[in-house]
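In what follows, a structure is listed as structure tokens, so that the remarks can point back to it.
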Amino acid sequence: MIVRVAVALLVTLALVAGAAPVTAQSADQPAWADDLFADLQDMQPRYNANVTEAEMNFGERQVFNQLSGNVINVYFVNTDVVFSFYMRPDGRITDLRQSRRDDASLKMRMTRETAEELVAQPNPVPTFVDAVQNGAVVDDGRTVRGIVINGEDGKLVKQATWTVINTVKGLF
């Protein structure tokens, strides 16, 4: 009887302790992150409806093709906010999440302002393409202009690929 009570108490404590970090993580996220995520969810159908018809030059299309078919973590610079999504091979965005994914192969860095500019567009695809094309690390690496993409930590081939892309994309 005492063993059953002890086991029941341990299970209860484990469940309570296991739930605590999730609550703490949600509380740590700024209020604007929830609003931005809702706006991104609203933008997703507009993006997906326009992405297959998007006009891109050769260089932009090559960069875009390197994004397609990947799980991508989106880091908002100078914050702890991370979202993620899967970009299907046809370029459509699916599986948008308000969290980082361990299976992501790419990381995308942008400011909150860049994301807000994207969600405000009736057709966000041209703005997205332009932000990627002109994305750069600025202010001694403390922030970015536009959208900067690289391989996620530990994804050496993706890191090398995107180092080359980021070096030459301005030539196209």
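The first residue of the sequence shown is numbered 1, and numbering continues consecutively from there.
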Worked check of side-chain contact (heavy atoms from CB on, under 4.5 Å) between Val132 and Phe64: CA-CA 9 Å; Val132 171; Phe64 189 79; over 6 Å; no
From CA spacing to verdict: side-chain contact (heavy atoms from CB on, under 4.5 Å), Val51, Glu53: CA-CA 5 Å; Val51 72; Glu53 304 301 320; over 6 Å; no
Step-by-step side-chain contact (heavy atoms from CB on, under 4.5 Å) determination, Phe58 to Arg61: CA-CA 5 Å; Phe58 176 77; Arg61 179 60 62 189; 5.9 Å; no
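Looking at heavy atoms from C-beta onward, Val81 lies in side-chain contact with Pro30 at the 4.5 angstrom threshold. A heavy-atom distance below 4.5 Å is not found between the side chains of Phe85 and Asp95. By the 4.5 Å heavy-atom criterion applied to side chains, Val148 and Met108 are not counted as neighbours. At least one side-chain heavy atom of Thr161 sits less than 4.5 Å from a side-chain heavy atom of Gln66.
In this structure Tyr47 satisfies the ring-ring contact (aromatic ring centres under 6.0 Å, His included) test together with Phe128, sequence neighbours excluded. With sequence neighbours left out, the side chain to side chain contact (heavy atoms under 4.5 Å, CB included) criterion links Gln98 to Gln29, Ala33, Asp34, Phe37, Phe83. Judged as a salt bridge (charged side-chain N to carboxylate O under 4.0 Å, His left out), and not counting sequence neighbours, the contacts of Asp103 are Arg101. Legend: residues meeting salt bridge (charged side-chain N to carboxylate O under 4.0 Å, His left out) with Lys107, ordered by chain and number and at least two apart, are Asp153. The salt bridge (charged side-chain N to carboxylate O under 4.0 Å, His left out) test applied to Asp140 returns no partner, not counting sequence neighbours. For Arg145, the salt bridge (charged side-chain N to carboxylate O under 4.0 Å, His left out) criterion is met by no residue, not counting sequence neighbours. Listed by chain and number, the residues in a side chain to side chain donor-acceptor pair (under 3.5 Å) with Ser84 amount to none (sequence neighbours excluded).
Leu106 CG to Glu152 CD: the interatomic distance, rounded to the nearest 0.5 Å, is 8.5 Å. Put simply, CH2 on Trp162 and CD1 on Ile165 are 4.0 Å apart, with the number rounded to the nearest 0.5 Å. The distance from the OG1 atom of Thr143 to the CD atom of Glu113 is 8.0 Å, given to the nearest 0.5 Å. Going from atom CE of Met87 over to atom CD1 of Ile93 covers 5.0 Å, rounded to the nearest 0.5 Å. Interatomic distance, Leu40 CG to Arg97 CZ, rounded to the nearest 0.5 Å: 15.5 Å. To the nearest 0.5 Å, atoms NZ (Lys158) and OG1 (Thr163) are separated by 13.0 Å.
Looking only at distances, a side-chain donor or acceptor of Asn57 sits under 3.5 Å from a matching main-chain atom of Glu60. The backbone N or O of Asp130 lies less than 3.5 Å from a partner atom in the side chain of Asn134, making a donor-acceptor pair. The backbone N or O of Ile149 lies less than 3.5 Å from a partner atom in the side chain of Asn166, making a donor-acceptor pair.
When all heavy atoms of Pro89 and Ser68 are compared, the closest pair comes out as O-CB, 3.6 Å. Closest non-hydrogen pair, Arg46 versus Asn50, comes out as O-ND2, 2.7 Å.
Taking a 4.5 Å side-chain heavy-atom cut-off between Ile, Leu, Val, Met, Phe, Trp and Tyr, the cluster of Tyr86 extends to Val71. Clustering of Ile, Leu, Val, Met, Phe, Trp and Tyr side chains at separations under 4.5 Å leaves Leu156 isolated, with no partner residue. With a 4.5 Å cut-off between side-chain heavy atoms of Ile, Leu, Val, Met, Phe, Trp and Tyr, the cluster of Tyr75 takes in Val82.
Residue pairs meeting the salt bridge (charged side-chain N to carboxylate O under 4.0 Å, His left out) criterion with at least one member in residues 62-89, sequence neighbours excluded: Arg88-Asp90.
One hydrophobic cluster, built from ILVMFWY side chains closer than 4.5 Å, cannot hold both Ile147 and Val137; they sit in different ones. Cluster annotation: Trp32 is not connected to Val77 through the hydrophobic network of ILVMFWY side chains, with a link wherever side-chain heavy atoms come within less than 4.5 Å.
A donor atom on one side chain and an acceptor atom on the other are not found under 3.5 Å apart for Lys155 and Asn150.
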Could you pull out every donor-acceptor pair under 3.5 Å between side chains of residues 114-124 and any protein atom, sequence neighbours left out?
from   : atom 1 : to     : atom 2 : distance (Å)
Thr114 : OG1    : Thr111 : OG1    : 3.0
Glu116 : OE2    : Arg112 : NE     : 3.0
Gln121 : NE2    : Glu117 : O      : 3.2
Asn123 : OD1    : Val125 : N      : 3.1

